[in-house]
Student: 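Could you have a look at this structure, given as structure tokens, before my questions?
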Amino acid sequence: MSDALLQNSFYIGNVFNSILYGVELMLYFNTMQAYLEKQSEHRPSDKFYMIFSTIILFLITIFVATQLLLAQEMWIINAGYPGGALAYFLAHVSAWYQTMGSVASLLLQLMTDGLLIHRCLTVWRGSYRVLFVPCCLWLSSLVFGILDLITSGSPDGDFFEGLAARIGLVYLSLTIGLNVITTCLICGRIIFYARRMRNHLGLEVSKAYFTTVAIIVESALPHTLFGIAFLVSLGLGSNTSILFLSLYGMFTCISPQMLILRVVRRRAWSAETAQPTTLVFATRSAAAPSTTSETETGGSVV
């Protein structure tokens, strides 16, 4: 294991953690502001999303804090540790606070995956058949996630080597496979309706309702891409995997928060978005720009 590459990857990962944590805070407070501004238009699901946002913010705070604590212990408090910083890292990778961070990461992952499954159901207008494989993967990732916590959190456990590493690789393969499937399902559905609207209503109307931003946010694409990068680097045994772990962990929180912000602002895809009445309404809105306020309050726009 390369000492310099591991430490540099861990350092850069903590830098990105701090930056992206600030992004998460901004998104969270924007979500709460949007929620309070629409008090007269609240849906029953809005309160759930606010609670969900608060919980994932709490969990990512634990993850970031434990990573920073390990860095402080490794580079500052125990700078003279026998064998250097790498030896300290390997000896304390299963410390109690690291296990707490892993628990928070697992809960955050399960919540985000659950939200993606729910959004997939919404985009597919209640078609439960498409959820069979994602739900099986979610349950499997729960089981292997718990096993990974037990093995990596034991006194001699090491997330990057041995039995814990093999179980962790299976767990990550399951959860990232789930991310890939739900992302493809959501992207495919939105692109299908974008082309359908373009054929029937024209390119300009299609651009107004099916944007690249909508596809990226609705499908949690950054979360999935960083997950693939982390899984590949971990499978290859590269020390850069700890950097991709940080990025993947942060976007496990940021991607659902961006989605929730769109939901609260009434810009996210809903079960009515692809209904024929919605398509007709889109045509009228495009023909009469003065009705945009009605679109924002009465219809779901992507």
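Note that the coordinates shown come from a computational prediction; the quantities given were computed from them, not determined experimentally. Quick note: residue numbers are just sequence positions, from 1.
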Student: Should the ring pair His92 and Tyr88 be called parallel, tilted or perpendicular, given that the plane angle runs from 0 to 90° and is split at 30 and 60?
Tutor: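 Aromatic pair His92/Tyr88 classed parallel.
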
Student: Look at atom CZ of Phe192 and say whether more than 12 heavy atoms of other residues, nucleotides or ligands are closer to it than 6.0 Å.
Tutor: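 Yes, enclosed.
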
Student: Between CD1 of Ile62 and OG of Ser102, what distance do you get to the nearest 0.5 Å?
Tutor: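 So the CD1 of Ile62 and the OG of Ser102 are separated by 11.5 Å.
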
Student: If hydrophobic clusters are built by linking Ile, Leu, Val, Met, Phe, Trp and Tyr wherever their side-chain heavy atoms come under 4.5 Å apart, do Leu142 and Val103 end up in the same one?
Tutor: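 Yes, it is one cluster - the side chains of Leu142 and Val103 are joined through contacts under 4.5 Å.
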
Student: Yes or no on side-chain hydrogen bond (donor to acceptor under 3.5 Å, both in side chains) for Glu73 and Asn78, after CA distance, side-chain angles and deciding distance?
Tutor: CA-CA 6 Å; Glu73 292 281 347; Asn78 296 281; 2.9 Å; yes

Student: Please name the pair of heavy atoms, one in Ala229 and one in Phe244, separated by the smallest distance, quoted to 0.1 Å.
Tutor: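 Smallest heavy-atom distance, with atoms named: CB-CD2, 3.7 Å.
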
Student: Can you confirm whether more than 12 heavy atoms, excluding those of Tyr81, are under 6.0 Å from its OH atom?
Tutor: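 Buried by this count: over 12 neighbours within 6.0 Å.
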
Student: Report yes or no: does Trp124 contribute a side-chain atom to a donor-acceptor pair with the main-chain N or O of Leu185 at less than 3.5 Å?
Tutor: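 Checked: pair present.
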
Student: Consider only side-chain heavy atoms of I, L, V, M, F, W and Y, link residues closer than 4.5 Å, and tell whether Ile216 and Ile176 are in one cluster.
Tutor: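 No; Ile176 is not reachable from Ile216 via cluster members.
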
Student: Tyr49 vs His118 aromatic rings, parallel, tilted or perpendicular, using cut-offs 30° and 60°?
Tutor: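 Tyr49 vs His118 ring planes: tilted.
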
Student: Treating Ile, Leu, Val, Met, Phe, Trp and Tyr as nodes and any side-chain heavy-atom pair under 4.5 angstrom as an edge, say whether Val130 and Ile186 lie in one connected cluster.
Tutor: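 Looking at the clustering, Ile186 is in the same group as Val130.
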
Student: In this structure, would Leu20 and Phe29 fall into the same cluster of hydrophobic residues linked by side-chain contacts under 4.5 Å?
Tutor: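 Yes: a chain of side-chain contacts under 4.5 Å links Leu20 to Phe29.
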
Student: Working to the nearest 0.5 angstrom, can you tell me the gap between Ile167 CD1 and Leu172 CG?
Tutor: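 If I round to the nearest 0.5 Å, the distance is 12.0 Å.
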
Student: Please test Thr31 against Ser53 for side-chain hydrogen bond (donor to acceptor under 3.5 Å, both in side chains), starting from the C-alpha separation and ending with a verdict.
Tutor: CA-CA 9 Å; Thr31 302; Ser53 297; 5.3 Å; no

Student: Please check this pair: side chain of Thr54 against backbone of Met50, looking for a donor-acceptor N/O pair closer than 3.5 Å.
Tutor: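 Side chain of Thr54 to backbone of Met50, a donor-acceptor pair under 3.5 Å: yes, one is there.
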
Student: Is the side chain of Ser255 donor-acceptor paired with the backbone N or O of Thr252 at a distance under 3.5 Å, no angle test?
Tutor: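 Such a contact is absent between Ser255 side chain and Thr252 backbone.
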
Student: In Å, rounded to the nearest 0.5 Å, how long is the span from CG of Leu247 to CG of Asn17?
Tutor: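 It is 7.5 Å, given to the nearest 0.5 Å.
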
Student: Taking the side chain from Ser246 and the backbone from Asn14, do they hold a donor-acceptor pair closer than 3.5 Å?
Tutor: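 Looks like no, no N/O pair under 3.5 Å.
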
Student: Near Phe144 CZ, under 6.0 Å, is it more than 12 heavy atoms from other residues, nucleotides or ligands?
Tutor: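 Check fails, neighbour count at 12 or below.
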
Student: Does Phe230 offer a backbone N or O that forms a donor-acceptor pair with the side chain of Ser233 under 3.5 Å?
Tutor: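 Looks like yes, one N/O pair under 3.5 Å.
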
Student: Which of these passes side-chain contact (heavy atoms from CB on, under 4.5 Å) with Gln257: Ile56, Val23, Asn30?
Tutor: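 Single pass found, and it is Ile56.
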
Student: Show, in sequence, the C-alpha distance, side-chain angles and deciding distance for Leu108 and Cys253, and conclude whether the side-chain contact (heavy atoms from CB on, under 4.5 Å) test is met.
Tutor: CA-CA 7 Å; Leu108 179 59; Cys253 183; 4.1 Å; yes

